Number of protein chains: 2
Amino acid sequence: MATIAVENYLKHVLLLSEGGDDLVSMGELAAALAVVPGTATTMVKALATEGLVSHRPRYGVRLTAEGRRVALGVLRRHRIIETFLVEVLKMDWTEVHAEAELLEHAISDTVLDRLDALLGHPATDPHGDPIPTRLGKLDSQVYATLATCGIDKPLRIVRVTEQSGEFLQFAEQHGLRPGAKARVTERNLAASLLTLKMDRDRTVTLSLSAAGHILVAPVK
Amino acid sequence: MATIAVENYLKHVLLLSEGGDDLVSMGELAAALAVVPGTATTMVKALATEGLVSHRPRYGVRLTAEGRRVALGVLRRHRIIETFLVEVLKMDWTEVHAEAELLEHAISDTVLDRLDALLGHPATDPHGDPIPTRLGKLDSQVYATLATCGIDKPLRIVRVTEQSGEFLQFAEQHGLRPGAKARVTERNLAASLLTLKMDRDRTVTLSLSAAGHILVAPVK
DNA sequence: GTTTCTATTTTGATTAGTCAAAATAAATCT
DNA sequence: AGATTTATTTTGACTAATCAAAATAGAAAC
C-alpha cells in the first residue's frame, strides 16, 4: 500500500515527465514536492528498491510500469475529484486543485467509481486535463499553445496547464477557460508579449510564458 | 494543525465518553484505536501537553473544551460524508462507515459546507447518529433501546449505534433500519433473547446485547 | 494487612519522512 | 587540461507514531 508521500512522488514524476525529457531531475522533483533535494534523493532510492521507479544516480528518475500504474491511479482520482467539485458542488474551477490534492489520497475505488458514473465518465477535468481511464490509458494528444499557434486563425482553448490560483484567476477573469474561442492577433517576441481577441471583441494581452500554458485547437 | 492520528484519538475519546462514564480508560481507548495500551498512554500524554485532553494517570482521560471542539469537527465531517455517500452516491448504509473514516481527515471546511448545503443540512446521518452543527452543538437526546423499552408498545427505530459491517448487514436484512416500525413481543432474560414484530408481521429474534445497539422512540 | 491480579506506564527500538550542511561528481568556462 | 560552478548525494539528526516487553501502581482476594 503506497503512503501519501509515495503517491505524491510518483504523481509528480509522471507529471514532470509528461513535458518531454525522459528523465526527471532531482531538482525538478524536489521543487515540485516542496522538499529539499536530499530528501528527494533519499525517497527516490527507496522507491527504486520497491520497483516503482528506476533511478540513474546523478542524472534522474523515471517511472517503472508499476510506478506508472500507481501514478495514473492517483491522477485519475485527482481529476475525477476536481470534476466532481466543479460539476456537482459548483465550486470555482480556479480553486479545486488544492482540494483535490487532499482528497486524492483518501478516496476508495468504490467511491471513485460512483463519482465517475455520476459525472457520466468524463474524459477531461475542468482544466481540460485528460482523465486516465480505469485501465490506465491516458490521452496524450499534443496541442499547440497560444505561444506556438498560428496568427489570426480561429481557435478553441482546450486546456490550461497551470494549477496556481493566481494564474487561473487571471485566466478566468479574461475568459481564458477551456471551451472559449480566441484568435491571436499579434505576437511580439522582443517584448515576449502576445495579444489575442476573445468573444465579443475583448482584447487580452499576456506574456509568452503564460501563453505556453494555454493549449488550443483550430476551430474547424 | 491536528494530524490524522490526533484527530482519531480525540474522536474516539468523544465517542467513548458519550456512553456515560466520565473518564475514558486507556484500555478502552487503545482497543478502539487498535493500538497497544502503551501507545495510547504515550499519545494521551502528548495530547495533554497540547491542552486537548486532561489525563489523570492510571485512571483515564477526558477531553478539554478545545479537544471537544476538534473532536466534534471530525465527527461532523464523518457523519456528513456518510450521509452524502448514501444520499447522493446511493451507497449502502451498511458500508459507508469505513469510507467516511478515510475521507473525514482529508476534506476541507469549504467542501464540507457545500456537501452540507447539497444535502439540505441534515440533522442525522444514515445510521440515525446526530450530526454536530457548525457551531459544535451535538444533539444528546437519550433514547430507549430494544433491550430496555416496554413490551408490546409500537416503536420507531431511530438509531443504530454499531459500525461493524456484519452487524449492520444483519440489521438491514431484517428491516432494522432507522425509520422502521417495530414492537417487542417478548424478552427472555434467561436466554438473553428478544423477539420483535416488524412491518407485515415479520418476526425477528436477536440477542439482548445486539438489541442494546438499536435505539427506539415510542410512536405517538 | 499481605499477596495476587490486572491495567497502566515506562523503557528501548523501529519506521517513514523530513532538514541542514558537508562531500562529491558532472558540466562549464576559461 | 585545470579551475570553477552547480546539482546531487551523503551524513547525522529530528519528529510522529508505533510495538514489545519490563516495571509499577491500584484493586481485589485472601
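Keep in mind it's a predicted model, so treat the numbers as computed, not measured. Residue numbers start from 1 in every chain, and the chains themselves are labelled A, B, ... in the order their sequence lines are given, proteins ahead of strands. What's counted below: heavy atoms across the whole structure, side chains too, no hydrogens, waters or symmetry copies.
In this structure, A:H55 does not reach the D:dT8 phosphate: none of its side-chain N or O atoms is under 4.0 Å from OP1 or OP2. Between B:T41 and C:dT9 there is a side-chain N or O to OP1 or OP2 distance below 4.0 Å. In this model, the phosphate group of C:dG17 is approached by a side-chain N or O of A:T3 to a distance below 4.0 Å at OP1 or OP2. A close approach under 4.0 Å does occur between a side-chain nitrogen or oxygen of B:Y59 and OP1 or OP2 of D:dA27. OP1 or OP2 of C:dT18 has at least one side-chain nitrogen or oxygen of A:Y9 nearer than 4.0 Å. Between D:dT9 and A:T42, no contact under 4.0 Å exists linking OP1 or OP2 to a side-chain N or O.
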Step by step, would you call A:E50 with A:K45 a salt bridge (Lys or Arg N to Asp or Glu O under 4.0 Å)? CA-CA 9 Å; A:E50 302 243 321; A:K45 287 208 311 184; over 6 Å; no

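Following rounding to the nearest Å, A:L29 (CG) and D:dT8 (P) show an atom-to-atom distance of 10 Å. Atom C1' of nucleotide C:dG17 and atom NE2 of A:H12 are separated by 17 Å, given to the nearest angstrom. In this structure, B:K45 places its NZ atom 15 Å from P of D:dA16, rounding to the nearest Å. Summarising the geometry, the separation between CD1 on A:I4 and P on D:dA17 is reported as 13 Å, rounded to the nearest angstrom. Across the protein-nucleic acid pair, B:L33 atom CG and D:dC19 atom P stand 10 Å apart, rounded to whole Å. To the nearest angstrom, P of D:dA16 lies 9 Å from CE of B:M43. Straight-line distance from the CG atom of B:L47 to the P atom of D:dA16: 12 Å, rounded to whole Å.
Side-chain contact of A:E99 with B:S108: a donor-acceptor pair under 3.5 Å is present, judged by distance alone. B:Q141 and B:Y143 share a side-chain donor-acceptor pair at under 3.5 Å.
Side-chain proximity of A:T39 to C:dC19, D:dT18, C:dG17: nearest is C:dC19.
For A:R58 against D:dT9, a side-chain-to-base donor-acceptor contact under 3.5 Å is absent.
Under the 4.0 Å criterion applied to side-chain N and carboxylate O atoms, B:E7 and B:R77 are assigned as salt-bridge partners. Between B:E104 and B:R76 there is no salt bridge, since no side-chain nitrogen of the basic residue lies less than 4.0 Å from a carboxylate oxygen of the acidic one.
Using a 4.0 Å heavy-atom cutoff across all strands shown, A:G27 reaches sugar-phosphate atoms only and no base atom.
Looking at which nucleotide of DNA chain D each of B:E50 and B:V36 is closest to, the 5′-most match is held by B:E50. Sequence order on DNA chain C of the closest nucleotides to B:R56 and A:P57 puts B:R56 first from the 5' end.
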